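Everything below concerns the one structure shown next.
Source: prediction; values computed, not measured.
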Amino acid sequence: MSLASPAMLTILVTMLQLSLCSIGIGTTSFQLLNVKQTLLDTKMFKPLKPSEFHQLSNVTGTDRPGKWKLNLVHRDKLSSNATSTLHDHRLRFQARMERDVKRVAGFLRRLPGDGNHGGDASFEVDDFGSDVVSGMAQGSGEYFVRIGVGSPPRSQYMVTDSGSDIVWVQCQPCNQCYRQSDPVFNPADSASFSSVSCGSSVCDRIQNSGCNAGRSCRYEVSYGDGSYTKGTLALETLTFGRTVVKNVAIGCGHINRGMFIGAAGLLGLGGGSMSLVGQLGGQTGGAFSYCLVSRGTDASGSLVFGRGAMPIGASWVPLLRNPRAPSFYYVGLSGLGVGGISVSISEDIFHLNEFGYGGVVMDTGTSVTRFPTSAYNAFRDAFITQTANLPRASGVSIFDTCYNLSDFISVRVPTISFYFSGGPILTLPARNFLIPVDDAGTFCFAFAPSGSGLSIIGNIQQEGIQISFDGGNGFVGFGPNVC
């Protein structure tokens, strides 16, 4: 009888944990982290060159009524240059943390009471332009999909962002554009491109809009960090695998500044009416599902739209609505667990109050999960207490709790669990909370304080777990599948 590979064992353990969570039973107190295999994965990772981008298929599986599926690729897979940055895990990690800090800072500026808005009115945009630079200098461009834009469809890489309510691409004539992997979209070559007029109801929904030569609807969104997009609003046909969707409102950006690593624009998946999910409405029932593959792997994740994407057997948690931040997907969190023991943290610290302050956001663009400082400190201290046998290392970047695991093949670590309001418990795989920050064996506890009342569940903690949003019925589901 052959033995299962370390990767397969990790998948089996994750499936067991998700199965236990879905029926409301706690998991064991400890689990094994395969240090050797995790480090090997970081060293074996090879990003694609720009000439190889087209090798990644637009679609996986077979589209069928009520369900269409796309490949989801981490940005580290798409190398825009030949430098050693993306081949060195330590440098990839540092770049990811720099993007993450900017992303979270952008979150805090957008939310009431959670940051200093200053005098820049662009941070007050709640819908169309609410976070147009996610994936650019604010650093949310972590996962990409490939879709077709126009008729005939022109394949383009798009950043996916669950915290943004916009679909936009760079367009010709391009007065100022950043470098992208595919030719810049030319509206003149598309038979389905239609400019939106100033008097249309769609244009009326855009803040900071205007008229271009007195006719077409113009948008312009700029931010304090210097990122911006400017152009005209249009209705266009988008192609997702074999599925064609007509009359999607998109921004056609003629003047853009950002750092997309090859992407042509942004595919907003937020909760607002102008996101792709909001515009699809009855076609998908506000439903989509994604599975983010683990860092450093050559596999692709998936992004699936439609009611058919909603799994049977998931652990479902109610979505909460914040009228002050309609783009974001909030969930109720009642506590945190370490080693099967609930950490002493008041449930009130995770509460979303009537003024839109606090709460817990699920976000694909943020990498590292953040908690309010007092909650993080208690959580971290509980983990340190139960890992006293592991050799410590100095803090790295935003992480203050790190370990030197260079002499270990595997280590026994306490489980980490999220206790959601209403009873469901999500217990994470070890590689989702103790991550390598270099190639030498330094691993860090992958959480950080938010410096505010906001909590964010980031993509590192979501990796390998099927996440499903049922916007029509107001729920988010975890599992039962893994990737």
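F399 is listed as a side-chain neighbour of I435, based on a closest heavy-atom distance under 4.5 Å. For the pair L267/V159, no side-chain contact is recorded, criterion being any heavy-atom separation below 4.5 Å from C-beta on. When side chains are defined from C-beta on, V167 counts as touching L238, because their heavy atoms get closer than 4.5 Å. When side chains are defined from C-beta on, F371 counts as touching L336, because their heavy atoms get closer than 4.5 Å. Side-chain contact check for L276 versus D165: every heavy-atom pair is 4.5 Å or farther apart. Residues L235 and V248 fail the side-chain proximity criterion, which asks for heavy atoms closer than 4.5 Å.
With sequence neighbours left out, the side chain to side chain contact (heavy atoms under 4.5 Å, CB included) criterion links S397 to F93, M97. Not counting sequence neighbours, the partners of S289 by the side chain to side chain donor-acceptor pair (under 3.5 Å) test are Q466, S468. The side chain to side chain contact (heavy atoms under 4.5 Å, CB included) test applied to S192 returns S151, S190, E236, T237, not counting sequence neighbours. Q176 meets the side chain to side chain donor-acceptor pair (under 3.5 Å) test with Y228; sequence neighbours excluded. Partners of F185 by ring pair (Phe, Tyr, Trp, His ring centres under 6.0 Å), not counting sequence neighbours: none found. With sequence neighbours left out, the side chain to side chain contact (heavy atoms under 4.5 Å, CB included) criterion links T373 to N377, P449. A search for side chain to side chain donor-acceptor pair (under 3.5 Å) contacts involving Y329 returns nothing, not counting sequence neighbours. Every residue was checked against the ring pair (Phe, Tyr, Trp, His ring centres under 6.0 Å) condition with Y419, not counting sequence neighbours, and none meets it. The side chain to side chain contact (heavy atoms under 4.5 Å, CB included) test applied to H351 returns N353, not counting sequence neighbours.
Identified under the salt bridge (charged side-chain N to carboxylate O under 4.0 Å, His left out) test for residues 465-474, with sequence neighbours left out: R307-D470.
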> Does the side chain to side chain donor-acceptor pair (under 3.5 Å) test come out yes or no for Q156 and Q180, once each step is laid out?
Replying inline: CA-CA 9 Å; Q156 306 274 295; Q180 64 178 63; 3.3 Å; yes
> Are T427 and S417 close enough, and set up right, to give a side chain to side chain donor-acceptor pair (under 3.5 Å), and what steps lead you there?
Replying inline: CA-CA 4 Å; T427 296; S417 301; 2.8 Å; yes
>> Quick one, D363 with R370, criterion salt bridge (Lys or Arg N to Asp or Glu O under 4.0 Å). Give me CA distance, side-chain angles, the key distance, then yes/no.
In response: CA-CA 11 Å; D363 184 43; R370 306 302 210 281; over 6 Å; no
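N432 places a side-chain N or O within donor-acceptor distance of the main-chain N or O of E463, the cut-off being under 3.5 Å. In terms of modelled atom types and a separation under 3.5 Å, the side chain of S455 and the main chain of F350 share no donor-acceptor contact. Panel note: side chain T160, backbone Y143; a donor-acceptor pair is recorded below 3.5 Å. Of the possible donor and acceptor atoms, none in the side chain of R96 sits under 3.5 Å from a partner among the backbone N and O of S367. Without hydrogens or angle criteria, N459 side chain to T366 main chain gives a donor-acceptor distance under 3.5 Å. Between the side chain of T369 and the backbone N or O of I457 there is no donor-acceptor pair closer than 3.5 Å. Side chain of Q170 to backbone of G253: no donor-acceptor contact under 3.5 angstrom is found. Under a 3.5 Å cut-off, the side chain of N322 and the backbone N or O of G356 do form a donor-acceptor pair. Although no hydrogens or angles enter the test, the distance criterion places a donor-acceptor pair under 3.5 Å between the side chain of H254 and the main chain of P173.
Between C203 and C217, a gap of under 2.5 Å is found separating the two SG atoms.
The OH atom of Y290 sits 12.0 Å away from the CZ atom of F305 when rounded to the nearest 0.5 Å. The distance from atom CD1 of I147 to atom CZ of R154, rounded to the nearest 0.5 Å, is 14.5 Å.
The aromatic rings of F418 and F420 sit perpendicular, their planes meeting at an angle over 60°, well past the 30° parallel limit.
The aromatic ring centres of F475 and F469 sit 6.0 Å or more apart. Proximity of the aromatic rings of F447 and Y376 is defined here by a centroid distance below 6.0 angstrom, and this criterion is not met.
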